[in-house]
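Beneath this line is the structure, given in structure tokens, with notes to follow.
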Amino acid sequence: MGQSKQRSGQSEVLKREASALGKSYEPAGFEQDIYRFWSESGCFDSAEENVPGQESFCIVIPPPNVTGVLHMGHALTNTIQDILVRWHRMKGDNTLWVPGTDHAGIATQSQVEKQIAKEGKGPTGRPLTRHDLGREKFLERTWQWKEEHAHIITDQLKRLGSSLDWKRERFTMDEGLSAAVREVFVRLHEDGLIYRGERIINWCPRCQTALSDLEVVPQDRKGHLWHLRYRIVEADGSAVKNPATGEDASLVIATTRPETLLGDTAVAVHPEDERWAFAHGKFAVLPLLGRKIPIITDTYVDREFGTGGLKVTPAHDFNDYELGKRHDLPVVHVMGKDGKITAAGGPYAGMKFSEAREAVLQALKESGELVKTEDHQNKVGLCQRCDQVAEPIISKQWFVKIEPLAKPAIAAVETGKIEFSPKSWEKTYFEWMYNIRDWCISRQLWWGHQIPAWYCQSCQETTVARSTPEKCSHCGGAQLKQDEDVLDTWFSSALWPFSTLGWPEKTKALQTFYPTSILETGFDIIFFWVARMIMMGMHFMGEVPFRKIYLHAMVRDEKGEKMSKSKGNVIDPLVLINQHGADPLRFTLAAMAGQGRDIKLSVDRVEGYRAFCNKVWNAVKFLHLQLDPQSAVDGLVPNAAPLAEPQGGARQWLLDNHAKLLPANAWILSRLQESIATVEKGFKNFELNESAQALYSFAWGEVCDWYIEFAKLPLRAGGADREQTLITLHYVLEQLLTLMHPVTPFVTEELWRSLPWRSPANTPARTRDGKPEIETLMFQAWPKVDSRFRDEKAEAAVGGLRGVVEALRSFRGENSLSPRTEFAVSYVPQNSQAGEFMRSIAGDVRSLSRITSLEPVTGAAGEFETVIPLAVPAVELRISLQGLVNVEEEQKRVRKEMEKVQADLSHVRAKLSRESFISKAPVELVAKERENEAAHLAKLSELESALTRLSRLGGGK
RNA sequence: GCGAGCGUAGCUCAGCGGCAGAGCAUCGCCUUCACACGGCGAGGGUCGCAGGUUCAAUCCCUGCCGCUCGCACCA
């Protein structure tokens, strides 16, 4: 909190000036200012046309519900997209990330309905409904609601750092997109791909609307299986004898929905079922109602189930509907749209479905026609939106004839014009597309795109048009009434990749950005959205809507459970952003974005990456302390002149002077190349977790843990060593910030601004259209691997140095020696190279390990000496224990090490003792194992002699 | 039933043919001059089970077992 006060003059920081970084990473103090700066400077803008040689990169956002609030799923998808977008922008592509929101038909409408219900009572004393207001008033209210709430989700996207081109923000019901919707509807209708018809559809009695197959979610329920007896009779009603028993025949049929028997119009058996062969062509008597219905045969019937008989209710079951069509059965509607039994249900008319079930069962029990009741696990379809049981009913609706649209969409994926990642989802896609059914697109709602179809009051014909027609296209009548229904929300989202770019106008944006580059979304909407965009894109643009589909995993809570309000396990991204900053959250999501697995998010992880941001913050602060003589701390060169930026930039200077560089400087530059390669590869292959890991281990494990420590010595030494080290440090940190920027844009921008020698940006985006230059890390050139900085020798040298330092630290740790305890170390080189090397690193080792001296010795070890044998470099370190450590502790350490060496040795020997290994494994490998064996043996003997000496000493104590 | 994915350290996950890795958690030592949102060290895994291929298998193949998610469905 104190931090924000300290940074109150934040806008000043935007200017180039000597910076004073705060004590630690406090994201609340700068994130929002930085976003505003980017946004106001036009950093997110795309250009309508590419400059020559430039590529375009485009992603359309999966539009969140306009009245929604940001949840972890949004945070994940938008973090991933923003990373890709920022990366491409830095690479110099003309980059467009299209923002926008979805009107979300049912969801939004029901929120407004709830609000209205709270406001008062209707004429009959019940809460107000939309019908009390009327369509026009209700829509006004909903638009108002939309205006009031739309900014919430977009503001939250901004808090995340999303670099969306807000000038291109769209809404599925804005004027342009609505025109696109009408255009598509009319054209599909003209093509015969949209029709209106009476079909069996899913109906939600609560939402009072038709639903598509996808909007009904099957759920396992514990239910019952009721066995009902249907008597078998002749056409004239006389009883039929069962030849097997000689008694009056009847058929026992199992059902999970007894109330549907009111609508039964047949009983079916399998044609080859011997048991019922005698019943073919006879009739069954419907229990309770006494209606006589035919017994039909169909291979659909499962002979194994129950007694092999099936009741057929064509009006209220999808399979029965098909069966009914095949056998030309009458259709009896008994379940009404209002959730109540219709007049056709006789005595049960007017009852709710659930009441009717109880009443029917009671009556069956009384009449003796209920033979048996069993427990049964069955599935019911729930309305995706309200969780109420949705019922199949027959109703007149608009449909998209989907097969002709599906074919090119299947081909697009088969031929590789669109690639799924992970690829395994393609199978899921094909599975659904090959068995696709016509899409019911009409919804009995008010909030949405009203269907552009008008019915003539005089000739009853339908006129479909782009704008309200004056007269009927069939009879010329002027009495027209528009269809009251609206379209499925997904109908407009299906057009999103081209409607947002201005279609049906032939815009420059379409030319530049369609097909879009990547679609990033959740696998849960492959059918709802992805497949439909492909179909519409292929049909209307003649081209795929995107080249790659990147599907991320589901974000769950730390226990792996789905986050939901009712469970109370929702982690709010905004809370995390406020507490820890957007960057740590983004880094967490990127690090966990490995594919094919659920993401179990834990707050611990976010805290860990906050620490990471703080670590990088302090690394940059370290640089400032070195650069600024005023803040020179103890140990720095006193009165060192401020260093000027090297001519031609740090990079060129380092290339020119590469041969003169200290091993540590050459080493970190070499490691930087490796990191650039790994980060780049991760972004390219959608393995953001690889990139994140590479950034983390390079920044913390190499730059902070080792390089900065190495650097302290030459920085203190002053002169040319100090100069080259400062230049290296500055260069490496700037490159690191640049590499990190797509993942953690805020903290990197804040830190980058503070650098005194910022490189000039050189992406085309920066200077395009004669815009003033904007100084931001966003437009820095993306780092490229430069093989001239690769330096195996330096890497080997630092590896050796680290080996020595780590061995000494381990010795210290195992013996619980305080860092303040200093002691002398000597070494015995196994060869002249090792001796040479040890001499070269002696200074570094002394400074990093806090030892008094590191000198070569020859001859046998003295009686107080313990040894630490090292393979790389090939030396034996010797330390006199006199007055230093507890001998028993050291004995323990030596024994432990011997055990380890012994284990390794026997492992190697087991390998080498197999003739097959010697003869078949690669020669180099065999040679390496032989070397290992020798090295292990040598180590062992050194340790053994040390142990002997120690036990003599130990005996004395 | 069909399809997909997953079972690796206490937890979350990476690795996917040559002696098991990270972060967090745990235990020691340290407030040392960028950082205690820190440093150093240590402990901890027959890589779900059983076969097979291979000189060599956590990694490839087959079969089980367990968990998760799609799709279809027994009315």
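Proteins come first, then strands; the chains are lettered A, B, ... in the order of their sequence lines, and each starts at number 1.
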Can you tell me, in whole Å, how much space there is between the [atom1] of [N] and that of [M]?
N: B:U26; M: B:U58; atom1: P; result: 32 Å
N: B:U32; M: B:G39; atom1: P; result: 15 Å
N: B:C16; M: B:C61; atom1: C1'; result: 14 Å
N: B:A9; M: B:G48; atom1: P; result: 8 Å
N: B:A75; M: B:A14; atom1: P; result: 38 Å
N: B:A20; M: B:A56; atom1: C1'; result: 16 Å
N: B:C6; M: B:C49; atom1: C1'; result: 16 Å
N: B:C30; M: B:U46; atom1: P; result: 33 Å

Checklist entry - So does A:Glu26 reach the base of B:C37 with its side chain, donor to acceptor, closer than 3.5 Å? => result yes
Next on the checklist: Is there, by distance only and without an angle test, a donor paired with an acceptor across the side chain of A:Lys615 and the base of B:C35 below 3.5 Å?
Outcome noted: yes
Nearest listed nucleotide, side chain of [X], among [options]:
X: A:Pro819; options: B:A75, B:C30, B:G18; answer: B:C30
X: A:Phe527; options: B:C71, B:U32, B:A34; answer: B:C71
X: A:Arg610; options: B:C73, B:C40, B:C37; answer: B:C37
X: A:Ala611; options: B:C33, B:A14, B:G38; answer: B:G38
X: A:Leu225; options: B:U32, B:A75, B:G5; answer: B:A75
X: A:Ala921; options: B:A34, B:C55, B:C24; answer: B:C55
X: A:Ser916; options: B:G70, B:C55, B:C33; answer: B:C55
X: A:Tyr300; options: B:U31, B:G70, B:C74; answer: B:C74
X: A:Arg820; options: B:C30, B:G18, B:A34; answer: B:C30
X: A:Ser816; options: B:G18, B:G28, B:A34; answer: B:G28

Can you tell me the distance, in whole Å, between the [atom1] atom of [X] and the [atom2] atom of [N]?
X: A:Lys892; N: B:A42; atom1: NZ; atom2: C1'; result: 12 Å
X: A:Ile525; N: B:G70; atom1: CD1; atom2: P; result: 14 Å
X: A:His624; N: B:A34; atom1: NE2; atom2: C1'; result: 11 Å
X: A:Ile436; N: B:A72; atom1: CD1; atom2: P; result: 12 Å

Flag the pair [X] and [Y] as a salt bridge only when some basic side-chain nitrogen lies within less than 4.0 angstrom of an acidic carboxylate oxygen.
X: A:Lys222; Y: A:Asp375; answer: no
X: A:Glu431; Y: A:Lys427; answer: no
X: A:Glu899; Y: A:Lys896; answer: no
X: A:Glu822; Y: A:Arg850; answer: no
X: A:Glu690; Y: A:Lys681; answer: no
X: A:Arg610; Y: A:Glu26; answer: yes

With heavy atoms under 4.0 Å as the rule, sort [X] into base, sugar-phosphate or nothing.
X: A:Glu431; value: nothing
X: A:Glu709; value: base
X: A:His936; value: base
X: A:Lys896; value: sugar-phosphate
X: A:Cys613; value: nothing
X: A:Val620; value: nothing
X: A:Glu690; value: sugar-phosphate
X: A:Pro218; value: nothing
X: A:His376; value: sugar-phosphate
X: A:Tyr25; value: base
X: A:Asp705; value: sugar-phosphate
X: A:Trp226; value: nothing
X: A:Lys379; value: base

Short side-chain N/O contact to [N] OP1/OP2 from [X], under 4.0 Å:
X: A:Trp617; N: B:G38; answer: no
X: A:Asn319; N: B:C74; answer: yes
X: A:Lys712; N: B:A34; answer: yes
X: A:Lys600; N: B:C24; answer: no
X: A:Lys427; N: B:A4; answer: yes
X: A:Lys621; N: B:A34; answer: no
X: A:Ser810; N: B:A42; answer: yes

Checklist outcome for this item: By nearest-nucleotide position on RNA chain B, the 5'-leaning member of A:Tyr609 and A:Arg914 is A:Tyr609
Item to check | Residue met sooner reading RNA chain B from 5', once A:Val217 and A:Asn378 are mapped to nucleotides | outcome: A:Val217
Next on the checklist: Checking side-chain polar atoms at under 3.5 Å, does A:Gln219 have a donor or acceptor matched by the opposite partner on A:Arg221?
Outcome noted: yes
Next on the checklist: Dot-bracket, 5' to 3', for RNA chain B please: Watson-Crick or G-U pairs under 3.5 Å, [ ] where pairs cross earlier ones, | where the partner sits on another strand, dots elsewhere.
Outcome noted: ((((((((.[[[[.)..(..]]]].(((((.......))))).....[[[[[..)....]]]]])))))))....
Next on the checklist: Using the rule side-chain hydrogen bond (donor to acceptor under 3.5 Å, both in side chains), only one of A:Arg357, A:Lys311, A:Glu391, A:His316 pairs with A:Thr260; which is it?
Outcome noted: A:Lys311
Checklist entry - Only one of A:Ile879, A:Val825, A:Val804 clears side-chain contact (heavy atoms from CB on, under 4.5 Å) with A:Ile868; which? => result A:Ile879
Item to check | Approximate separation, where rounding is to 0.5 Å, of A:Leu688 CG and A:Phe587 CZ | outcome: 11.0 Å
Checklist outcome for this item: Residue set satisfying side chain to side chain contact (heavy atoms under 4.5 Å, CB included) with A:Ala315, at least two apart, ordered chain then number -> A:Val331, A:His333, A:Ile394
Next on the checklist: Go through it in stages, so that I can follow the logic: the residues are A:Phe420 and A:Tyr550, the test is ring pair (Phe, Tyr, Trp, His ring centres under 6.0 Å), and I'd like the CA-CA distance, side-chain angles, deciding distance and then a yes or no.
Outcome noted: CA-CA 6 Å; A:Phe420 276 76; A:Tyr550 180 27; over 10 Å; no
